[in-house]
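Input: a single structure, listed below in structure tokens.
Bear in mind that the values here come from a model prediction, so they are computed numbers and not experimental data.
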Amino acid sequence: MAQEADIADLKQCAGSEVVISGWLAGRRSGGKIVFLLVRDGTGVCQCIVEPGDAVAFGCAETLSLESSVRVTGTVRADKRAPGGAEIAVSDIRVIHAADGDYPISRKAHGVDFLMAHRHLWLRSGTQTAILKIRHTLIRACRSFLDELGFTLVDTPILTPGAGEDAQSLFPVDYFGKKVFLAQTGQLYLESACMALRRVYCFGPTFRAEKSKTRRHLAEFWMIEPEVAFAELDDVIQLAEDMVRSVVSEVLKLHEHDLAHLGRDIASLTKVRKPFARISYSDAVDLLRSEELGGRLAQEMEQDRVRLEEQIAALKQLEARLAKTGNSREHDHIADNILSARETIAELEKDLASRPDHIQSARNFQWGNDLGGSDETIISGHFETPVFVTHYPREAKAFYMKILPEDRRLVCNMDLLAPEGYGEIIGGSQREEDAAVLLERIGESGLDPADYSWYLDLRRYGSVAHGGFGLGIERILSWICGLKHVRESIAFPRFAGRMDM
RNA sequence: UCCAGCGUAGCUCAAUGGUAGAGCGGGUGGCUGUUAACCACUAGGUUGCAGGUUCGAGCCCUGCCGCUGGAGCCA
């Protein structure tokens, strides 16, 4: 009797008869043989149908893409099959014959088109790989904290309006009162950590800025640990241990998925080393240094050469395309042309903006916040993720602790991911002195009345404490090597778009 | 909000100011081991919208709409 099986387990079932349930992901036919590609969420399996059974064969020949099916057959190992095992089909039951106009083919599509069909795009191999890695990442984050004795405390989604940065918040009508979607759970967590010492929250967070970049979402998920009796160094150590732990967990469980995404794992294995640390002031000196300017100029020259090589390669491809008659080869060359054009366009854009970036690094004024290009330059200087610490107080939020030795600075840190992925963590030690905090609230033009409960935390057993926020989509994009954070979440909200 | 780029077949893209094309996908037929199969045939277009220049505009000019991602802001 045929056993129900997941495609992922087929290798262990060689020789036995199984039933798999899934969807038709592809079909090729060879006259008297049909190859069905069936996916079931655990993997993809090639199913062979031969004309012995006329009913099954006829069905296989006409089955439309993405139809749901139950396929019965004998598992056999075969080197020619993707994955090393295939099913010799004895029976096909069509659960639902899909309409014949499934919009996503196995050929190239633009991201815009795919995003408009996000509900179907999720079925693709790359997208399921990302979703699985995301699941592991979140579980690893939570396990890491759980094992250190952290308690999960859920913070509210609806929050009262807080002062001036209201243009970055989504307003919501709350029984006739204007409130806002939360952009952090931090202030609430500070209360909770005075009760439980080590706490964290994990949930959606909302930013109303109309940021049209590949690093921004309007709705994203953030995990935020907060610890009492902790100073900045403790917070940094926690962040480093956590990132190292979750990256190694993903590497351990998802080698295959990362390979499917074309991710170069070598760069991820470097998180085993201690992360680099640099103070804001040292980072400014680095940006302004002759040495760095020279290195950047040299890199630019190398990229110029790369660009010329790419253009030459493109011309050759175009010449070959004009000559070829074979459709398969034509297709292959056309694909290479597309990716060559994309590389060239990106390089050209990059090279065009590079002189500005170099210039602005060279002229960087102490006191400004680091821009995106500055972060990329700094992270490019190190092979591990790098903590940048102790920013000028004017550039940062009111709740960050003033550094006693240099009151121009705050005890904060940002963790910059390698390869230009930017800030994946932002955190700080919090100001625990009520008087200083009150002063900072005033400086920031906020109303102390809005923060009376927050000030209370400094009136009753105040202690050094701090924490950070880790952006799930940002770190996932880095781990998976994605070009855009929108692929790191199933149903993204970005730049005002809401396709579904 | 500012800056830049793009908008041609269902999809991905071509097309010196001079007859709008290819590949994929769809349809039909063929093929017993394909790997994004292949071969032959076939259908498919208000070139984002509105003006303008020109003998002639997909291409040049103006305005509008839409999209993209960079600045700002940040995870």
Mind checking whether [X] and [Y] have parallel, tilted or perpendicular rings, split at 30° and 60°?
X	Y	value
A:W221	A:F202	tilted
A:H117	A:F113	tilted
A:Y391	A:Y280	tilted

request  = May I ask you to establish whether A:R123 and A:Y102 are in a cation-pi arrangement, using a distance under 6.0 Å from NZ or CZ to the six-membered ring centre and at most 45° from the ring axis?
outcome  =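 Pair A:R123/A:Y102 does not count as cation-pi.
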Measure [atom1]/[X] against [atom2]/[N] and give the value in whole Å, please.
X	N	atom1	atom2	result
A:L36	B:U32	CG	P	17 Å
A:L351	B:G5	CG	C1'	17 Å
A:Y391	B:C74	OH	C1'	11 Å
A:H216	B:G72	NE2	P	10 Å
A:K396	B:A75	NZ	P	7 Å
A:E346	B:G5	CD	C1'	13 Å

Under 4.0 angstrom between A:R28 side-chain N/O and B:A36 OP1 or OP2 =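 No, outside the criterion.
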request  = Verify the contact: side-chain N or O of A:R27 to OP1 or OP2 of B:G25, cut-off strictly under 4.0 Å; return yes or no.
outcome  =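 Answer is no, no contact under 4.0 Å.
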Using a heavy-atom cut-off of 4.0 Å across all strands, would you classify [X] as base, sugar-phosphate, or nothing?
X	result
A:D78	base
A:E473	nothing
A:R80	base
A:E86	base
A:R76	base
A:T205	nothing
A:L217	base

message = Just to verify, what does A:E50 make a side-chain hydrogen bond (donor to acceptor under 3.5 Å, both in side chains) with, not counting sequence neighbours?
response =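 A:E50: no side-chain hydrogen bond (donor to acceptor under 3.5 Å, both in side chains) contacts found.
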ask   = With no angle test and no hydrogens, is the base of B:G72 tied to the side chain of A:S211 by a donor-acceptor pair under 3.5 Å?
value =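 By the distance-only test, yes, there is a pair.
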Quick one: which of [options] gets closest to the side chain of [X]?
X	options	value
A:E50	B:C74, B:U32, B:G69	B:U32
A:R474	B:A75, B:G33, B:C73	B:A75
A:R215	B:C31, B:C73, B:G33	B:C73

task = Indicate, with yes or no, if the rings of A:F494 and A:H484 have centres closer together than 6.0 Å.
result =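 Between A:H484 and A:F494, which both carry aromatic rings, the centre distance is below 6.0 Å.
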query = Heavy-atom contacts under 4.0 Å between residues 480-500 of chain A and RNA chain B, which residues?
reply =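 Per residue number, the list reads A:H484, A:R486, A:R497.
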message = By nearest heavy atom, map A:R207 and A:T213 onto RNA chain B; which one lands nearer the 5' end?
response =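 Looking at RNA chain B, the more 5' nearest nucleotide goes with A:T213.
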request  = Do nucleotides 8-14 of chain B as a string where each nucleotide becomes B, S or -: B if the base has a protein heavy atom under 4.0 Å, S if just the sugar-phosphate does, - if no protein is that close.
outcome  = ---SSSS
